[in-house]
Number of protein chains: 2
Amino acid sequence: MKKTACNAEAKTSPRDRIVSSACALFRTHGIRGIGVDAIAQAAETNKMTLYRHFGSKDDLVCETLKVASAQAAALWDDLENRFPDNPRAQIDGWVAGRADCLASEPHGCDLANAAVELKEDGHPAHVLIDRFKTEQRRRLEDLCRAAGLSDPELLADTLSMLLEGARVSRIATGDHGPAARFERACHAAIAGHERSKAG
Amino acid sequence: MKKTACNAEAKTSPRDRIVSSACALFRTHGIRGIGVDAIAQAAETNKMTLYRHFGSKDDLVCETLKVASAQAAALWDDLENRFPDNPRAQIDGWVAGRADCLASEPHGCDLANAAVELKEDGHPAHVLIDRFKTEQRRRLEDLCRAAGLSDPELLADTLSMLLEGARVSRIATGDHGPAARFERACHAAIAGHERSKAG
DNA sequence: CATGGGTGTGACCGGTCGGTAACAAGCAGA
DNA sequence: TCTGCTTGTTACCGACCGGTCACACCCATG
């Protein structure tokens, strides 16, 4: 029998463990706040194996950001599956889902945090971050337009800023800050774009 | 004649130069991205003098955050001087001023960036950041209430999140992102809280 | 001239950083 | 059994980190 399939707690590949350990440690310590040695140790492997899979720490950073991007993409798919052909319900579901994450994941958005932390221009992560954030906004705008809401560009930008702001507020001032009213703020913004009201 | 007053480009005190160099370098490289040696060199002094004024790098970080807080406080005073006894005009002035800073200062808020970057709990900067952000939100709420706008808590939180979100969006996706519509989003939010409309 | 506080200099400390070399061990398929 | 790829181990590299030491220096005051 193959060792990699002999039991439930089978060892995943060293590469996968490195990526998931890196995700977790970058979140809790910051990208610059954790060393590759600590990441390798947390992944129950060693630095040499890490460097065989990723040419540099920056490469590993980019890989973790890609993973985070993929997870976010899966959330959009889930939204579409739960409310097929109902863009308005998808928007409400998006708001509720983001509010839940806000409460359960106090660390904020990995991509946005990386953008703040990695100041060197030319860092390969920047293009990933830009692409990701632009894509998120685009999906939101498409949803707003499909739902027949007025000025979908402005509403999408408003919702994007509210979410981004709620996450950093959560980091800066904790639960009692503005983030506590994220959901209400979103609903108020959406209400202001309903056609029945003043266009 | 005293050396410190003999000409226009008189040397400021080493301490002041250290603080302003640290502010600039923390902004451009991140707090973890710049060393005390480089800060001292940029301030045209040396590491030993730096450590005579600040017991540690964390102390220096806190000092720069206090400077940034004081600058923000001065902006509120300026707002009150420009529009005395006119809270509504002060709100509009706040929106316009923040939009201007958004364009001219792409680095975002020093305090918020520090909150994202410094993950170690117990870091002395965290209490400064919390106090600062809470104070900013309180002043905004007071202004909304004085202007007779409905639900001033929600509006203050909304404006806070919009600003915070605009700044991090600016960092993540540049000028073409949601931050470009910060001003319009603020005005739409404020309009939704005017008593003449649906309470 | 003497004193003393703020400053400059350079070496130094232990530790950690990202990254590499060399070699042994395990394990797959042929 | 042989082969070849993936791993593990250890030591090492140069660079930099935050922080400290001892000592010389400048200069205003007395």
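Just so it is clear, the values below take in all heavy atoms, side chains as well, and ignore hydrogens, waters and symmetry mates. Since the structure is predicted, the reported quantities are computational estimates derived from the model, not experimental observations. Lettering follows sequence order; numbering is per chain, from 1.
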Problem set entry | Reading 5' to 3' through nucleotides 8-24 of chain C, protein heavy-atom contacts under 4.0 Å coded B for base, S for sugar-phosphate only, - for none | BB-------SBBBBB--

Exercise. Does the side chain of H53(A) get closer than 4.0 angstrom to OP1 or OP2 of dT6(D) through an N or O atom?
Worked result: no

In plain terms, say whether [X] and [Y] are close enough for a salt bridge, that is, a side-chain N and a carboxylate O under 4.0 Å apart.
| X | Y | value |
| --- | --- | --- |
| K119(A) | E117(B) | no |
| E183(B) | R98(B) | no |
| R32(B) | E120(B) | yes |
| E105(A) | R27(A) | no |
| R184(A) | D151(B) | yes |

Seminar exercise, completed: L25(A) and I39(A) have their tightest heavy-atom pair at CD1-CA, 3.8 Å

For this session: Flag yes if more than 12 heavy atoms outside N81(A) fall under 6.0 Å of its CG atom; otherwise flag no.
Result: yes

Problem set entry | Over 12 non-hydrogen atoms of neighbours within 6.0 angstrom of CG in D77(B) | yes

Exercise. What residues in residues 114-129 of chain A put a non-hydrogen atom under 4.0 Å from any atom of DNA chain C?
Worked result: none

